[in-house]
Amino acid sequence: MRRMRRRSYEPSISERIERDDVMRNSSSVCVALIVGFMAVGKSGHAADMAAPMPVKAPPLAMAEFNWSGFYLGAHAGYLFGRSRVFDNGVLTEPGAPTEGGVGGLLAGYNWQSGSLLLGLEADLGWANAIGHGTAPPPPAPPPPPEPNTYRLRWDSHVVGRLGYASGHWLVFATGGLAIANFSFQEGVVVGAPPEPRLSATYVGYSVGAGVEYAFTHNLVGRVQYIYDNFGSKSFATPGGDIYRVDLTGHTARAALAWKF
């Protein structure tokens, strides 16, 4: 019996073309899937990374305050004056207190170079500093005389300034001219008409020191101490007496000024 030989199957040309198209399409799909998975992985990795912290801009440095320029202000304080009185060459009052409030205006100009400050300043203050002498010790002729009266009516200064500036702070010293108007009235016995008030303008010297602080670029505050030696003047009374009065003063004051 003859065994039949199985004939192998050969695909047709159209079947081979169709099979190749399917393989190409499958390869494209695989490549697309791989690329997609890679893109998803990268995006996930990027999302997991911490976002960079924003860089904060460095703070702006505060501009240094410059003290140069013109300023105008007002001052107020208290004057502790002393009147040293000689009556016909005899010391009768070694230091009669002549005290009171003082207030007025000031103006000046500063030049600053680095931390060094140079300046000129003038001020005028109206004062109500009053003092009284002491009655002569016994034995005194009856009736006893009333004490002398001393009054400082105003004072003024024209000074130079030397200071050290550090930002909004200024420490300074002053020195220059001191001027004051002073009146003297001799005491009379009780019931007698008052003696006339004699006045004179004193000219002497002044030294002092203080501290300033700039609240803004224009507004400046100050505290200050001033010592004045106004010198001496002589007063001739209608009765023929000659009084020589030496005048000094210590002033503590505060001021506010506007710098232009």
Side-chain angles (χ1 to χ4, degrees), residues 73-106 122-138 140-141 143-159 174 176-208 210 222-256:
H75 67 85
Y78 197 85
L79 188 150
F80 302 87
R82 291 293 181 270
S83 301
R84 180 178 171 90
V85 183
F86 295 84
D87 182 358
N88 294 318
V90 178
L91 179 63
T92 56
E93 300 286 353
T98 307
E99 303 176 355
V102 60
L105 302 175
L106 58 85
D123 67 58
L124 175 64
W126 292 266
N128 188 31
I130 302 173
H132 299 282
T134 57
E146 294 179 342
N148 300 330
T149 300
Y150 317 111
R151 184 188 299 267
L152 193 153
R153 304 177 65 85
W154 57 261
D155 69 354
S156 179
H157 305 88
V158 180
V159 298
T174 61
L177 189 67
I179 308 170
N181 181 264
F182 180 84
S183 67
F184 167 83
Q185 188 174 27
E186 184 183 25
V188 297
V189 296
V190 177
E195 290 289 337
R197 182 177 296 171
L198 308 173
S199 64
T201 299
Y202 283 66
V203 179
Y205 68 88
S206 170
V207 293
R222 173 196 300 186
V223 291
Q224 183 178 11
Y225 163 77
I226 303 171
Y227 169 76
D228 296 311
N229 187 324
F230 296 105
S232 64
K233 288 288 183 179
S234 295
F235 300 88
T237 67
D241 292 323
I242 303 296
Y243 288 90
R244 195 191 83 199
V245 182
D246 302 338
L247 181 62
T248 59
H250 302 266
T251 303
R253 74 185 192 186
L256 284 175

Work out which heavy atom in [X] is nearest to a heavy atom in [Y]; give both atom names and the distance.
| X | Y | answer |
| --- | --- | --- |
| Lys233 | Thr201 | CE-O, 3.0 Å |
| Ala236 | Leu198 | O-CD1, 3.5 Å |
| Tyr225 | His250 | OH-ND1, 2.8 Å |
| Ala96 | His132 | CB-O, 4.0 Å |

- Message: Determine whether the aromatic ring centres of residues Tyr243 and Phe235 are separated by less than 6.0 angstrom.
- Response: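 No - the distance between ring centres of Phe235 and Tyr243 does not fall below the 6.0 Å cut-off.
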- When the aromatic ring centroids of Phe184 and Phe182 are compared, is their separation below 6.0 Å?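 Ring centres of Phe182 and Phe184 not closer than 6.0 Å.
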- Begin from the C-alpha positions of Glu99 and Ile130 and carry the test side-chain contact (heavy atoms from CB on, under 4.5 Å) through to its verdict. CA-CA 5 Å; Glu99 303 176 355; Ile130 302 173; over 6 Å; no
- Query: Under the salt bridge (charged side-chain N to carboxylate O under 4.0 Å, His left out) test, which residues partner Arg244, sequence neighbours left out?
  - Reply: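 So Arg244 forms a salt bridge (charged side-chain N to carboxylate O under 4.0 Å, His left out) with Asp246.
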- Message: Check Asp123 with Arg253, please: is the shortest side-chain N to carboxylate O separation under 4.0 Å?
- Response: yes
Donor-acceptor pair, side chain of [X] and main chain of [Y], under 3.5 angstrom:
| X | Y | answer |
| --- | --- | --- |
| Asp228 | Phe230 | no |
| Gln185 | Tyr150 | no |
| Asn148 | Gly187 | yes |
| Asn88 | Ile242 | yes |

- CG-OG distance between Asp155 and Ser206, expressed to the nearest 0.5 angstrom: 9.0 Å
- Side-chain heavy atoms of Asn128 within contact of Arg151, under 4.5 Å: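 The answer is yes, as the side chains (C-beta and beyond) meet within the 4.5 Å cut-off.
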- Report the residue from Ile226, Thr251, Leu177 that forms a side chain to side chain contact (heavy atoms under 4.5 Å, CB included) with His157. Ile226
- Query: Considering the options Asn181, Val245, Ile179, which one meets the side chain to side chain contact (heavy atoms under 4.5 Å, CB included) requirement together with Tyr202?
  - Reply: Val245
- Arg222, CZ: over 12 other non-hydrogen atoms inside 6.0 angstrom: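 Correct, the count exceeds 12.
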